[in-house]
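One structure is given here, and the rest of the page talks about it.
Convention: sequence-line order gives letters A, B, ...; per-chain numbering from 1.
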Amino acid sequence: MGVKNKGFSEAAKRIANEQIVFNRVAKKYAKIMSAELKRIAVNNTPVVTGELQGAWETKPVEVYPKKVNAGVINEKDYGPSVEYGHRLIIRKKYCGYVAGQYFFRRSLNEFAPIFSQMSKDFQKEINEELGGK
Amino acid sequence: MIEYEDIANGIADSIAYVFNDAVISDDPYSHIDGDAFIVKAVSYSPMFFSKRHAQRTYHFDIVYFAPMEKPMHEIDAIGQKLLEAFMYPIKFDGRYINAKNLNSVKIDKDFHVEFDLIFFDEIEQREKHDTAQNMELSFTVQCK
């Protein structure tokens, strides 16, 4: 004689469905947000040769059960020196200081309101997909 | 409204509490040749909630500017001490505010400590009523 708990299997199905919906919507929004941040960062990057500006890349979206990771990256080695400023050394002698541009900080400040608006849209879409839960 | 100078002085006091005889400046550092701290506000973004009240967010970058001949391990030790100085609340204009998003970066021989200061403030001064100035109290003392 076996005991079947119908309620439990339905709850499991519902949780699995919620997970699928979350992953799909979160992945979509993560891609949009990282593309938007990349666009802002590219616009704010100072241009001399264009190498630093061209080095911005979006990181691949990583989906976990309860979170999604995404972002942008610039792997140019002199990026931090342009961001924060650096010393000017000629023939091992200190000759002055090049002030920082803080272009990534400006990009983050510009992105902050967009991020908060998109987070609200994401929450709204999740609620709509799951039937207003 | 809290002035920027008060905030910068509060940060300078926090540094001076740890490093007693430190040179602290907010000048452009082209003329400084070492062993100094530079306080610099990178960005400022107020968020208004009403006509008078706003949430003010400053992003500060504090640079420890070491002399050229100073070895790296000493710069690291001073930088770590500087970072620890901002783990305690910063006092300015009679208020204690915690530094948020504390972060440190080392570029060549410069140790950067960056953080956000977020606080609510009254942007517009209230109108002063001059009724008190018009009131006079006069009395006479007489000796008989």
Worksheet item: Atom CD of A/E83 and atom NE2 of B/H112: how far apart are they, to the nearest 0.5 Å?
Response: 10.0 Å
Worksheet item: Do other residues, nucleotides or ligands put more than 12 heavy atoms under 6.0 Å from the CZ atom of A/F115?
Response: no
Practice prompt. Kindly work out whether a path of hydrophobic side-chain contacts (I/L/V/M/F/W/Y, heavy atoms less than 4.5 Å apart) joins B/Y88 to B/Y17.
Written response: no
Discussion item. So, taking the atom named OH in A/Y78 and the one named CD1 in B/I107, what distance separates them when rounded to the nearest 0.5 Å?
Written reply: 14.5 Å
Worksheet entry | Connected via hydrophobic side-chain network under 4.5 Å: A/V68 and A/I73 | no
Worksheet item: What part of A/I89 is in contact with chain B, defined as an atom under 4.5 angstrom from a non-hydrogen atom: side chain, backbone, both or neither?
Response: side chain
Worksheet entry | Path from B/I11 to B/L102 over hydrophobic side-chain contacts below 4.5 Å | yes
Worksheet item: In terms of heavy-atom pairs under 4.5 Å with chain A, which of B/D110, B/T57, B/D108, B/V105 leads?
Response: B/D110
Worksheet entry | Connected via hydrophobic side-chain network under 4.5 Å: B/M87 and B/L117 | yes
Worksheet item: Step by step, would you call A/Y102 with B/K40 a side chain to side chain contact (heavy atoms under 4.5 Å, CB included)?
Response: CA-CA 12 Å; A/Y102 297 100; B/K40 192 177 179 184; 3.7 Å; yes
Worksheet item: Roughly how far apart are B/K109 NZ and A/R87 CZ, rounded to 0.5 Å?
Response: 7.5 Å
Practice prompt. Treating Ile, Leu, Val, Met, Phe, Trp and Tyr as nodes and any side-chain heavy-atom pair under 4.5 angstrom as an edge, say whether B/I90 and B/V18 lie in one connected cluster.
Written response: yes
Practice prompt. Using distance alone, with no hydrogens and no angle criterion, decide if A/N109 and B/S45 have a side-chain donor and acceptor under 3.5 Å apart.
Written response: no
